[in-house]
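What follows is a single structure, written as structure tokens, with notes after it.
Lettering of chains follows the sequences in order, A, B, ..., and the numbering in each one begins at 1. Just so it is clear, the structure is predicted and the values come from calculations on it, not from any experiment.
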2 protein chains.
Amino acid sequence: MRSELLKGHLDSLVLALLEEGPLHGYGIIEQLRRRSDEIFDLPEGTVYPALYRLERAGSVTSTSTSVGGRPRRVYRLARPGRTALDASRRDWLQFSSAVTKILRGSPA
Amino acid sequence: MRSELLKGHLDSLVLALLEEGPLHGYGIIEQLRRRSDEIFDLPEGTVYPALYRLERAGSVTSTSTSVGGRPRRVYRLARPGRTALDASRRDWLQFSSAVTKILRGSPA
DNA sequence: CCGCATACCTAGCGACTCTATGCATCGTGT
DNA sequence: ACACGATGCATAGAGTCGCTAGGTATGCGG
């Protein structure tokens, strides 16, 4: 999978995962891989900056905890993030149906 | 519609349009707008560079003609472009189903 | 004790879209 | 006659965002 395809969509995916419960960065990477049937296998250098972006934007909040001596930063969906997620889902439906239509072709 | 969503997908869309016949840059912009129900309203600064990119890559060929005294550059799908289009369609199916799945959420 | 999975962080690069601008022609309205 | 919008191409510069590649550190299995 060409990686530029993901551009602009990653934030929505992360928000959707966080909607179901708190997660830390590494866990997000794993969930994306699992739920996409291995299509999305994102490097940390992609996901962590995305999380910082989302936090700066107020869409998520984070708390640093510790599990088994190892530090962990757990992210939670904030209220503005939920709003953004709703908009993202609408955008995705519009976007994906438009692309599908054009890729299918021949609509006269 | 946030514009970054398009990233990496534009080339496929252009190739799909050209599959149905030759088109010039301006015409491609119009077709994208029409077929997407106005979702895609791309500036020239987006589409023309994309066409140069596709031509450099060998996916399309162009011939400059003239219509009513005005110059026109008409693009045609080349053989490598058809191959790329096939791959793009496969990628899109994988990508879009993965995104839809994750955005829907709660798969256990 | 060596390597792998877990876990976080970040600087710099590369690719792509957009903004803004310039140039030129044609048709329409006044 | 002239202005203005639509048509049509071209390109420099900026901004965004994912990736590469590196660093740090812990726990566990062989």
Side-chain angles (χ1 to χ4, degrees), chain A residues 1-15 22-34 36 39-57 59-60 62-75 84 88 91 95 98-99, chain B residues 1-15 22-34 36 39-57 59-60 62-75 84 88 91 95 98-99:
Chain A
M1 261 257 310
R2 287 175 46 251
S3 61
E4 304 104 40
L5 297 186
L6 188 58
K7 282 237 170 131
H9 300 283
L10 175 58
D11 291 13
S12 320
L13 298 180
V14 170
L15 292 178
L23 263 177
H24 62 295
Y26 201 84
I28 288 173
I29 292 174
E30 286 180 320
Q31 287 298 313
L32 286 176
R33 189 166 41 223
R34 238 183 26 80
S36 69
I39 299 284
F40 298 137
D41 189 10
L42 307 185
E44 302 164 343
T46 293
V47 174
Y48 289 120
L51 288 169
Y52 308 149
R53 211 160 56 221
L54 287 169
E55 185 164 28
R56 252 204 329 275
S59 291
V60 304
S62 76
T63 54
S64 53
T65 62
S66 178
V67 174
R70 270 166 306 184
R72 247 194 209 182
R73 183 161 290 273
V74 174
Y75 293 88
S88 289
D91 283 352
F95 174 78
V99 172
Chain B
M1 261 255 312
R2 288 177 42 252
S3 61
E4 304 105 38
L5 297 186
L6 188 60
K7 284 235 171 133
H9 299 282
L10 176 58
D11 292 12
S12 320
L13 299 180
V14 171
L15 293 178
L23 264 177
H24 62 295
Y26 201 82
I28 288 173
I29 292 175
E30 286 180 321
Q31 286 299 312
L32 287 175
R33 189 167 42 226
R34 236 180 32 77
S36 69
I39 299 283
F40 298 138
D41 189 9
L42 306 185
E44 301 164 342
T46 294
V47 175
Y48 289 120
L51 288 169
Y52 307 151
R53 212 161 54 221
L54 288 169
E55 185 163 28
R56 252 205 329 275
S59 290
V60 305
S62 76
T63 54
S64 53
T65 61
S66 177
V67 174
R70 270 167 306 183
R72 246 193 210 182
R73 183 161 289 276
V74 174
Y75 292 88
S88 289
D91 283 351
F95 173 78
V99 172

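- Among all heavy-atom pairs drawn from B:Phe40 and B:Leu6, the shortest one is CE2-CD1, 4.0 Å.
- The side chain of B:Arg72 places no N or O atom within less than 4.0 Å of a non-bridging phosphate oxygen (OP1 or OP2) of C:dT25.
- The separation between B:Leu23 atom CG and D:dT7 atom C1' is 15 Å, rounded to whole Å.
- Proximity of A:Tyr48 to the phosphate of C:dC9: no side-chain N or O atom is located under 4.0 Å from OP1 or OP2.
- Rounding to whole angstrom units, NE2 of residue B:His9 and P of D:dC17 are separated by 14 Å.
- Atom CD in A:Glu30 sits 9.5 Å away from atom CG in A:Leu23 (nearest 0.5 Å).
- Nucleic acid contact for A:Pro71: sugar-phosphate only, since backbone atoms but no base atoms lie under 4.0 Å from a heavy atom of the residue.
- Considering only side-chain atoms of A:Leu10, the nucleotide from C:dC18, D:dG18, D:dC9 that sits closest is D:dG18.
- For D:dC9, the OP1/OP2 oxygens have no side-chain nitrogen or oxygen of B:Tyr26 closer than 4.0 Å.
- Here A:Arg73 does not reach the OP1 or OP2 of C:dC8: none of its side-chain N or O atoms lies under 4.0 Å away.
- The CG-P distance, from B:Asp11 to C:dC16, rounds to 7 Å in whole Å.
- In this structure, B:Arg53 atom CZ and D:dT11 atom P are separated by 14 Å, rounded to whole Å.
- For the pair A:Glu4 and A:Val67, both in contact range of DNA chain D, the more 5′-proximal nearest nucleotide belongs to A:Glu4.
- With DNA chain D read from its 5' end, the first of the two nearest nucleotides for B:Glu30 and B:Pro49 is the one closest to B:Glu30.
- Atom CZ of A:Arg33 and atom P of C:dA5 are 10 Å apart (whole Å).
- Among all heavy-atom pairs drawn from A:Val74 and A:Pro22, the shortest one is CG1-CB, 3.6 Å.
- A straight line from CG of B:Leu42 to P of D:dG8 spans 17 Å, rounded to a whole angstrom.
- Atoms CG (B:Leu51) and C1' (D:dG8) sit 13 Å apart, rounded to a whole Å.
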Solution key, residues 8-15 of chain B side-chain donor-acceptor pairs under 3.5 Å, sequence neighbours excluded:
residue	atom	partner	partner atom	Å
B:His9	NE2	A:Leu5	O	3.1
B:Asp11	OD1	B:Arg53	NH2	2.8
B:Ser12	OG	B:Ser88	OG	3.3

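- Computed from coordinates, the A:Leu13 CG to D:dC17 P distance equals 14 Å when rounded to whole Å.
- Between the side chain of B:Lys7 and the base of D:dT16, at least one donor-acceptor pair of N or O atoms lies under 3.5 Å.
- Base engagement by B:Gly45 is indicated by at least one non-hydrogen atom pair under 4.0 Å involving a base atom.
- Considering every non-hydrogen atom in both B:Glu44 and B:Pro49, the closest pair reads O-CD, 3.6 Å.
- Residue contacts shown for A:Arg70 include a base, since a base heavy atom lies under 4.0 Å away.
- Side-chain to base pairing of A:Glu44 with C:dC8: one donor and one acceptor N or O lie within less than 3.5 Å of each other.
- Between A:His24 and A:Arg72, the closest side-chain pair of non-hydrogen atoms falls below 4.5 Å.
- Projected onto DNA chain C by closest heavy-atom contact, A:Thr46 and B:Leu6 fall at different nucleotides, the more 5' of which corresponds to A:Thr46.
- Nearest to the side chain of A:His24, among C:dC8, D:dC19, D:dC17, sits C:dC8.
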